Colleague: 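Starting off with a structure, shown below.
All of these numbers come straight from a predicted model, not from anything done at the bench. Just the heavy atoms: all of them, side chains too, but no hydrogens, waters or symmetry mates, feed the values below. Protein chains get the first letters and strands the later ones, always in sequence-line order, with residue 1 at the start of each.
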Amino acid sequence: MQQKALKDFSYLLEVKDLKTTFYTSDGRIPAVDGVSLTVKPGETLGVVGESGCGKSVTALSIMGLISYPPGRIEGGQILFEGEDLLKKSPEEMRAIRGNRIAMIFQEPMTSLNPVYTVGDQIGEVLQFHKGYTKVQAQEKAVELLRSVGIPEAEKRVKQYPHEMSGGMRQRVMIAMALACDPKLLIADEPTTALDVTIQAQILELMKDIKERFGTAIMLITHDLGVVAEMADRVSVMYLGRVVEEGTASDIFHHPRHPYTHGLLRSTPRLGQVVARLHVIPGVVPNPMFMPTGCKFNNRCEYATEKCRQEEPQLATVDGIHSVRCFHPLDGEGQVI
Amino acid sequence: MQEYLVEVKNLKKYYPVKAGIFSKVKAWNKAVDGVSFGIYRGETLGLVGESGCGKTTTGKCILCLEEPTDGEVLFEGKNIFELDREELRHLRREMQIIFQDPYGSLNPRMTVGDIIGEAFTIHGIASGKERTEKVEELLEVVGLSPYHAKRYPHEFSGGQRQRIGIARALALRPKLIVCDEPVSALDVSIQSQILNLLNDLQDKFGLTYLFIAHNLSVVQHISDRVGVMYLGRLVELADSDELYSSPRHPYTVALLSAVPIPDPDVRKKRIVLEGDVPSSLNPPPGCTFHTRCPRAVEECEKIRPEWREVSPGHFVACHLV
């Protein structure tokens, strides 16, 4: 905290106390409620959490893709290379989106436009941001398709999304995201819709991209295996908050938050047979009826009266390892 | 335990692909192409494979929800495709299914009590107060409360809905339950609750499961034996421990190596398979895996490998084993 000036230079992206709320006919839903996270140049940050924890809404807020109504960013800062993205006009955001920050989505089936060829769709990015002519853009598109490992790129560039398989479409999405050589790539569940052998191909490709272009990646997923494999640092989210963050090794070997610990223990692992899986009791509460105090208290085996009254803050426990808990585990707790 | 409850012999299911104004059959989609295995009484047999490998179709054929193109399914020694209507009706009580999608598989206009109790009415087992009691008992068995019977599906979370689906499957005290991706739509913390519940119920009621899933870690956790499918065929079947510790088929080896492990310090050597799974409309000749197999030889392109037992209880279809 003390080296504030230094800190500003060392982060590519710094999200501070972000609050994004949705107003629906059923009531007010605080989907993201005070999230802070950082991404350094060239690093991969894994953001994990179960459905409804606000990980995708955080990504969409960074991209400026929250539509009002029903959504609204009600507080916080999103500093990208020192500039606050929340203060940008829609035109300024358009120049950043797809250019300096790019995003790939979960559904490779629905996030491509079915009536344009993949070449046109990749080319559009280049024409818009870099002022390429149509011919130049098509040439560059072929080159990009080749760099993401699509065979016969000259032929593929003229094809439509329906002519490709799921893995191929995800490669096209990645090629499109890389078109302008972004500093930050936000990948929202990039392999969830894919089969495991295709997932392996895409993960290898993303590692390769990180090495070749030095792109920082914010990887959002619910799959702990994918995070362990890809991420340098990990933020664990629960009900619109970051509950724990640290290096991948901190999180996976020395989890301090009972939720992280429970999540790791309830995941079946290949090659390790246990008679019974650990269970986190109960379900994620409805965000409209949030528990008071710590949001995890109704499912936590260590919860005390204090947890039911007050909400803990994210506090450093060890180096860059922080946790939002009044009674953090000692980190030596056995994870299977 | 060494008695087959279900035996599948050379099961084939081809779907016609029609085209033109007279809907002429243009080609056959070979969803399941000659699959043979047995399920022991009281065990859990896992069936894994990537999308389109025919695992769900196999499950549906076993439940007599699809009529196969060829082959037999023996349930307690009787070929289920030769039964008459009355016998089939009776058989339906013996086997049930749990579906993947807990949202799409429950009728939103029926109360939970009616969803679970419907089977009692249809089979004339219980009605009125007796039915209500049985439903309430089932709700408790799956970890819900009796008062939930009067509610509608939309009032429940995904995990709770899956419990309702399980209660419905249990209603008639079946011998076999086909679980078709029962936890893929659920979050990790809910997934472990459902997996433990399935385990408990198996112990309590002596159930036999056919557990179909694409998640290899989940299948390993729940299964006694595991079969691996690729493009409509079984490529390997063995005891769960043996399959995961010493896989023999190159596809199984690659599939296992592709699973990301939740441990950042494990850097395993991964076999990345090239390309995509070919279409089952026009599967490659010989061994269907030869187009992606890192070890394929000439023989693989021509001759379909035989399904054989390489060591006791370990079946493989590969020329190189």
Side-chain angles (χ1 to χ4, degrees), chain A residues 48-53 151 164-168 191 194-201 203-204 222-232 234 247-253 259 262-284 286 299 335-336, chain B residues 48-53 156-160 183-197 199-200 214-223 230 240-241 244-245 251 254-268 270-279 292:
Chain A
V48 266
E50 299 182 287
S51 15
C53 72
M164 300 185 165
S165 66
M168 207 71 104
T191 59
L194 306 175
D195 275 317
V196 60
T197 60
I198 308 300
Q199 164 171 292
Q201 294 173 356
L203 293 182
E204 292 297 324
H222 69 277
D223 187 323
L224 294 164
V226 170
V227 176
E229 182 164 329
M230 302 289 293
D232 302 307
V234 180
T247 63
S249 177
D250 285 341
I251 298 291
F252 283 90
H253 295 307
Y259 176 63
L263 211 53
L264 284 167
R265 282 173 65 203
S266 52
T267 311
R269 286 161 190 239
L270 211 59
Q272 284 175 9
V273 185
V274 288
R276 274 186 88 74
L277 289 170
H278 174 80
V279 161
I280 301 176
V283 294
V284 179
N286 182 331
R299 304 179 74 191
V335 186
I336 303 187
Chain B
V48 280
E50 299 181 281
S51 24
C53 72
F156 294 89
S157 68
Q160 286 176 318
V183 296
S184 345
L186 306 176
D187 273 319
V188 180
S189 70
I190 307 302
Q191 171 179 301
S192 63
Q193 294 174 1
I194 298 294
L195 289 174
N196 283 349
L197 175 66
N199 261 335
D200 294 343
H214 68 277
N215 184 327
L216 289 130
S217 319
V218 167
V219 169
Q220 178 204 24
H221 171 76
I222 197 143
S223 307
Y230 185 79
S240 178
D241 297 345
Y244 284 89
S245 60
Y251 177 63
L255 199 60
L256 289 174
S257 82
V259 179
I261 301 289
D263 183 342
D265 294 346
V266 175
R267 284 278 166 263
K268 54 180 189 177
R270 170 174 287 163
I271 304 162
V272 178
L273 291 177
E274 301 277 317
D276 292 309
V277 182
S279 160
R292 300 173 79 198

Colleague: Locate the shortest heavy-atom distance separating A/H278 from B/S192; write the atom from each residue and the value.
Modeller: O-OG, 3.1 Å
Colleague: Is it the side chain or the backbone of B/D241 that comes within 4.5 Å of chain A heavy atoms, both, or neither?
Modeller: side chain
Colleague: Using a cut-off of under 4.5 Å for heavy-atom pairs, which of B/V219, B/N215, B/V277, B/V272 has the most such pairs with chain A?
Modeller: B/V272
Colleague: Name the region of A/P151, side chain, backbone, both or neither, that has any atom closer than 4.5 Å to a heavy atom of chain B.
Modeller: neither
Colleague: Below 4.5 Å, heavy-atom pairs only: which of A/L270, A/T247, A/V226, A/L263 has the largest tally toward chain B?
Modeller: A/L270
Colleague: For B/I190, run the side chain to side chain contact (heavy atoms under 4.5 Å, CB included) check against A/V283, A/V284, A/V279 and tell me which one passes.
Modeller: A/V283
Colleague: Please flag which part of B/V259 lies under 4.5 Å from any non-hydrogen atom of chain A: side chain, backbone, both or neither.
Modeller: both
Colleague: Picking from A/G166, A/A200, A/G262, A/A275, which has the most non-hydrogen pairs under 4.5 angstrom with chain B?
Modeller: A/A200
Colleague: Minimum heavy-atom separation for A/S266 to B/S189, with atom names?
Modeller: OG-CA, 4.3 Å
Colleague: Roughly how far, to the nearest 0.5 Å, is CG of B/L195 from CZ of A/R276?
Modeller: 10.5 Å
Colleague: Using a cut-off of under 4.5 Å on heavy-atom pairs, state which of B/H214, B/R292, B/Q191 scores highest against chain A.
Modeller: B/R292
Colleague: With a 4.5 angstrom heavy-atom cut-off, could you sort out which part of B/Q220 is near chain A: side chain, backbone, both or neither?
Modeller: side chain
Colleague: What distance do B/I271 atom CD1 and A/T197 atom OG1 have between them, rounded to the nearest 0.5 Å?
Modeller: 12.0 Å
Colleague: Taking A/D195, A/I251, A/V196, A/N286 one by one, which has the highest count of heavy-atom pairs under 4.5 Å against chain B?
Modeller: A/D195
Colleague: Tell me the closest heavy-atom pair linking B/H221 and A/V274, and the distance in Å.
Modeller: CE1-O, 3.4 Å
Colleague: Please find the pair of heavy atoms, one from A/H222 and one from B/V188, that lie closest to each other, and give the distance.
Modeller: O-CG2, 4.1 Å
Colleague: Which region of B/L216, side chain (C-beta onward) or backbone (N, CA, C, O), has a non-hydrogen atom less than 4.5 Å from a non-hydrogen atom of chain A, or is it both or neither?
Modeller: both
Colleague: Roughly how far apart are B/D263 CG and A/L264 CG, rounded to 0.5 Å?
Modeller: 9.5 Å
Colleague: Tell me, for B/I222 versus chain A, whether the close heavy atoms (under 4.5 Å) come from the side chain, the backbone, both or neither.
Modeller: neither
Colleague: Which atoms of B/Q160 come close to chain A, meaning under 4.5 Å heavy atom to heavy atom: side chain ones, backbone ones, both, or neither?
Modeller: neither
Colleague: Can you tell which part of B/D276 gets under 4.5 Å to a heavy atom of chain A, answering side chain, backbone, both or neither?
Modeller: both
Colleague: For B/P264 and A/F252, which heavy atoms make the closest approach, and how far apart are they?
Modeller: CD-CB, 3.3 Å
Colleague: Keeping the roles fixed (side chain from A/E229, backbone from B/I261), state whether a donor-acceptor pair exists under 3.5 Å.
Modeller: no
Colleague: Check this for me: B/E274, atom CD, are more than 12 non-hydrogen atoms of other residues, nucleotides or ligands nearer than 6.0 Å?
Modeller: no
Colleague: Below 4.5 Å, heavy atoms only, C-beta onward: do A/M230 and B/P260 meet side chain to side chain?
Modeller: no
Colleague: Specify which of B/S257, B/S217, B/A254 makes the most heavy-atom pairs with chain A at under 4.5 Å.
Modeller: B/S217
Colleague: Could you tell me which non-hydrogen atom of A/I280 sits nearest to which non-hydrogen atom of B/Q193, and how far apart they are?
Modeller: O-NE2, 2.7 Å
